[in-house]
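Here the structure is a predicted model, which is why all the values come from computation and not from measurement.
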Amino acid sequence: MKKLVALFLALCLLPVVALGELSAPGVYPISDEKLDLTIWCTSHASVPDYYTNKMVTTYEEMSNVHVTWELAGTDAATSYNLSITGGESSWPDIYLNNVNSANGGDLLTLAADGVIIPLNDLIENETVYIKAYLEEHPEIKEAITAPDGNIYSLFTSMYQATEDMMLKMWVYEEWLEAYKAATGKGMPATTEEFKDMLIYFRDNDMNGNGDTTDEIPLTGTYAYWADGSDPMHYLIGAFQKINTIDQAFFHKEGDEYVFEAASDTYREGLKYVRSLVEEGLLAEDTYVQDLSQFRALTSTTKDKVIVGCAAAPYCGRLLTRNTEVENFVDYSSYVLVPPLTGPDGFCGTPLRTQDRIIFRGFITTACEDPVLAIKWLDYWYSKDGQDWTNYEGPEGVGYEWVDKVAIDGSARSINNWDDPDNSHLPMSYGVPFIQTRDTFLKQALENVYNSASTTVEYIKQPYLDVAYPTGCLTVVWCQDLDLVAERAELKTLFNDYIMNSATEFVLGVRDIHDDAQWEAYLAELDNMGLERYIEVINTYYLGE
């Protein structure tokens, strides 16, 4: 708190602007009289009150700008669409959109319909931090600039060490060590070695409770297949490239996008997954249980563990910790299994762009003072603003500096603590934020997460060494809105058919070994318009 007071005392020494005038760029308060902005954003359960949130109130005192928050409820997409279509009277000054991260086509439509304004001149003349950041990161400036040369939205840039490689496999470390000690084998590196380990888990009383039938060698949840919670795609990834990150089953190969779910190697991958089900190694419940049911299996005390391996994109999806219960399974209890090598020698994992760019922060034509709006937004791109969002609140509230050498060699480092008392706006549910690789590493190796070693595990080399970019960009400026709509429709149509068919092959409802049934699957893809889907994908991403 002393540091917070010192901050405000320092701010008081900054030049004070005349009544009714806005300050120079980067000078706070923005005005010496209280001004107002209306901001729409998605809300989060961890923020019980945006008006008393410590990050919000601290910035209000600093900026002298009061925000009226228009908060989306549980159905954020509907709330956003109703606001947009409601006309100028329903538009806020600023949309801090986090509804499927508005894409380039959306922004061009909003601009053409007179909903939002270009920000180029405002950024150039009225900001310090946004302008500097874009000058330092020309690749981001290029990405957020529309084909007509305008910037219509600000952005979030996030190093996604936890989500850039989604197809991950976890193994309970105590069971792994017991397997290694008993067999003399190491961490599985191939599909056959992985199966051998699962067989050992199946046939031995791994939890020592006298029951050799209650162990589950491998499980997951089909409900979140696209982000890697279904083990199927991690396993198929030992046979060929497979991209579920973008829910598209496409990746860029050379100068074109290729479809993945119709190849002979894809079929071989399904045969392997089917063999795990047939041998009682992959739980059939994987394809009926929801996330809560899945976590109920993994979230337990160490004397009652029943799950040997599970698929999950990050440890928070894998299990729910209960730090109040003694001997409860922690994130560090499970360790990553590296990507496996298949029978033909292929090994890989799909990589989403690591510094993911998400549109956030567009100013509407209903805003009476766009200069005020851009100045309010500018602070969040400063070093202090980034610290606030990365370290869960203002200095003295969410974090403090300590005399401890940081991972980058700096003399001081951040000591961050979890303050549940409405201290900050979580990433993705409030102001724009910047999370760099260095920031992530500092968080991981200090105490943002109670299980730092597991967090760092995300970025270890076994995954990075075999990662391949999908080519499915996060910012796409496709101006053919009919094509955008067609892609969305085809994507849903094909995803549903591909996943339903894959599940049926894996569970034995359809015979993956029967050539006639496989040919029928391929024929249906063609009947649905696979050739057109491939054409649409290539035009959407490549503009050809």
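Between the side chains of S292 and D290, no donor-acceptor pair of N or O atoms lies under 3.5 Å. For the residue pair Y287 / D230, a side-chain donor-acceptor distance below 3.5 Å is found, with atom types taken as modelled. Side chains of D330 and S332: a donor-acceptor N/O pair is absent below 3.5 angstrom, by distance only.
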Check the pair Y331, L318 against side chain to side chain contact (heavy atoms under 4.5 Å, CB included), reporting the backbone distance first and the verdict last.
CA-CA 8 Å; Y331 294 148; L318 175 67; over 6 Å; no
Are Y541 and R487 close enough, and set up right, to give a side chain to side chain contact (heavy atoms under 4.5 Å, CB included), and what steps lead you there?
CA-CA 11 Å; Y541 283 113; R487 171 185 171 270; 3.4 Å; yes
Side chain to side chain contact (heavy atoms under 4.5 Å, CB included) assessment of I537 paired with K491:
CA-CA 9 Å; I537 288 291; K491 181 178 175 181; over 6 Å; no
Show your reasoning for whether side chain to side chain contact (heavy atoms under 4.5 Å, CB included) applies to Y266 and I498.
CA-CA 11 Å; Y266 178 75; I498 292 166; 3.8 Å; yes
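Closest of all the heavy-atom pairs between K168 and P313 is NZ-O, 2.9 Å. For G228 against A311, the heavy-atom pair with the smallest separation is O-CB, 3.4 Å. For the residue pair L319 and R295, the shortest heavy atom distance occurs at CA-CG, 4.3 Å. When all heavy atoms of T301 and E326 are compared, the closest pair comes out as CG2-O, 3.9 Å. What you find for R360 and V431 is that their closest heavy atoms are NH1-O, 3.6 Å. The shortest heavy-atom contact between L340 and C347 is O-SG, 3.5 Å.
F249 is listed as a side-chain neighbour of I242, based on a closest heavy-atom distance under 4.5 Å. Here the side chains of C309 and L198 are in contact, with some heavy-atom distance below 4.5 Å. Two residues are said to be in side-chain contact when any heavy atoms from C-beta on lie closer than 4.5 Å; H233 and M499 meet this criterion. Side-chain contact between V329 and T300: present, with at least one pair of heavy atoms (C-beta onward) separated by less than 4.5 Å. Looking only at side-chain heavy atoms (C-beta outward), Y463 and L351 stay at 4.5 Å or farther from each other. At least one side-chain heavy atom of L525 sits under 4.5 Å from a side-chain heavy atom of F259. Under the 4.5 Å side-chain criterion, counting only non-hydrogen atoms from C-beta, V337 is in contact with Y234. In this structure, the side chains of W175 and F201 come closer than 4.5 Å at one or more pairs of heavy atoms.
In this structure, the ring-ring contact (aromatic ring centres under 6.0 Å, His included) partners of F155, at least two apart in sequence or on a different chain, are Y133, Y381. Checked against salt bridge (Lys or Arg N to Asp or Glu O under 4.0 Å), K252 has no partners two or more places apart in sequence or in another chain. A search for salt bridge (Lys or Arg N to Asp or Glu O under 4.0 Å) contacts involving K304 returns nothing, not counting sequence neighbours. For F194, there are no ring-ring contact (aromatic ring centres under 6.0 Å, His included) partners at least two apart in sequence or on another chain. Evaluation of the salt bridge (Lys or Arg N to Asp or Glu O under 4.0 Å) rule for K271 yields E268 as partners, not counting sequence neighbours. Legend: residues meeting ring-ring contact (aromatic ring centres under 6.0 Å, His included) with Y200, ordered by chain and number and at least two apart, are Y179. Partners of R267 according to the salt bridge (Lys or Arg N to Asp or Glu O under 4.0 Å) rule, which considers only residues two or more places apart in sequence or in another chain, are D515. Under the side-chain contact (heavy atoms from CB on, under 4.5 Å) criterion, T492 pairs with D496, sequence neighbours left out. Listed by chain and residue number, Y272 satisfy the ring-ring contact (aromatic ring centres under 6.0 Å, His included) test with F239 (two or more places apart in sequence, or in another chain).
Considering CD1 of I144 and CD1 of I357, their distance stands at 7.5 Å, rounded to 0.5 Å. The line from CG of L154 to CD1 of I358 is 13.5 Å long, rounded to the nearest 0.5 Å. Put simply, CD1 on I216 and CG on L281 are 12.5 Å apart, with the number rounded to the nearest 0.5 Å. Atoms CD and CG, from E486 and L493 in turn, are 11.0 Å apart once rounded to the nearest 0.5 Å. One distance of note links CZ of F328 with OG of S333; it measures 10.0 Å at 0.5 Å rounding. Here the CG-CG distance, from D214 to N209, works out to 4.5 Å after rounding to the nearest 0.5 Å.
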Show the atom names and distances, to 0.1 Å, of all donor-acceptor pairs under 3.5 Å that link a side chain in residues 507-514 to residues at least two apart or in another chain.
from, atom 1, to, atom 2, distance (Å)
R510, NH1, S501, OG, 3.1
R510, NH1, E504, OE1, 3.4
D511, OD1, H513, N, 2.9
D514, OD1, A516, N, 2.8
D514, OD1, Q517, N, 3.4

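With a 6.0 Å radius and a threshold of 12 heavy atoms from other residues, nucleotides or ligands, E531 has its CD atom at or below the threshold. With a 6.0 Å radius and a threshold of 12 heavy atoms from other residues, nucleotides or ligands, D264 has its CG atom at or below the threshold.
The salt bridge (charged side-chain N to carboxylate O under 4.0 Å, His left out) pairs that include a residue from residues 194-211 are K185-D196, K195-E279, where partners are two or more places apart or lie in different chains. Note on residues 338-349: no pairs pass side chain to side chain donor-acceptor pair (under 3.5 Å), not counting sequence neighbours.
In this structure, Y521 and W518 have tilted ring planes: the angle between them lies in the 30° to 60° band.
E253 contributes no side-chain N or O that, together with a main-chain N or O of V258, makes up a donor-acceptor pair within less than 3.5 Å. Between the side chain of S43 and the main chain of A72, a donor-acceptor pair closer than 3.5 Å is present. Side-chain atoms of E215 do not come within 3.5 Å of backbone N or O of G308 as any donor-acceptor pair. Checked by atom type and distance alone, the side chain of T470 never pairs as donor or acceptor with a backbone atom of P350 at under 3.5 Å.
Under the ring pair (Phe, Tyr, Trp, His ring centres under 6.0 Å) rule, Y334 has a single partner from W170, Y314, Y172, which is Y172.
A centroid separation of 6.0 Å or more is found between the aromatic rings of Y257 and F250.
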